[in-house]
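Just below is one structure, and these are the notes that go with it.
From a predicted model like this one, the values you see are computed outputs, not experimental measurements. Read the numbers this way: they start at 1 and go in the same order the structure lists the ligands and their atoms.
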Amino acid sequence: MADPCEDLIKAGRIFHAKGWMEGTGGNLSARHDEKSFWITSSGKHKGELGGNDFVRVDLDGGVVERREEPSKPSAETSIHQLLYKRFPIVGAVYHVHSVEANLVSMFTEGEMVRLAPLEVIKGFNIWTEDPEVSIPVFRNHGEVDRITADFAGWLDGNTPLIPVMLIRRHGVTVWGETPAKARNYVELIEYIFKYMVGARQLGL
Ligand SMILES: [Zn+2]
């Protein structure tokens, strides 16, 4: 089986180059099996990830395997855990800290942001004309577990239209069946965010 961390290394390099993962910010994970996933170790530069910069954790957050001692999983691991646990089909979870995600997180109506109805939304398998797609925005609690609890509560009562959530003035998280799909979703949502910021600047 191919090493899923190779996909994460590649995604980190691309997202860093785009300015979506500056320094050590953000985190990337990919499923290993039904009970565990690989996630970036805390404090690693995302543009320069190496094969040892990952930790394998189980769905309850326990470390199963390290490639380097000492290393600990990303501080935001609980959000990834929630998604792997809740959706067995999820194969990768990517979280980046882009400027556009932070700006768009302020464009809320209630606790949701309505996305501009752009053609690229088809990339999320939404085929209606002028699609009305909103994504949830969560408060950026200092304690990550509180963000995860809010998100879990939201998922109890709502089905996400597209696999994207925002944390206010923090970043965006996407999930997909494979690392390739998750990478595609990050690129699509960042395109939409960039458009939305640009449209506001132009007063559209
Ligand atoms: Zn973050």
TODO: Linking directly or through intermediates, with side-chain heavy atoms under 4.5 Å: list the remaining ILVMFWY members grouped with L204, chain and number order.
DONE: L202

Residues [X] and [Y]: side-chain donor-acceptor under 3.5 angstrom:
| X | Y | result |
| --- | --- | --- |
| H80 | N27 | yes |
| S134 | R114 | no |
| D150 | H141 | yes |

Task: Partner set under side chain to side chain contact (heavy atoms under 4.5 Å, CB included) for S71, not counting sequence neighbours - done: S41, V55, R66

Task: Inter- and intrachain pairs under side chain to side chain donor-acceptor pair (under 3.5 Å), touching residues 154-164, at least two apart - done: R86-D156

TODO: Please list, in chain and residue-number order, the protein N/O/S atoms closer than 2.8 Å to the Zn ion (ligand 1).
DONE: E76 OE1, E76 OE2, H95 NE2, H97 NE2, H170 NE2

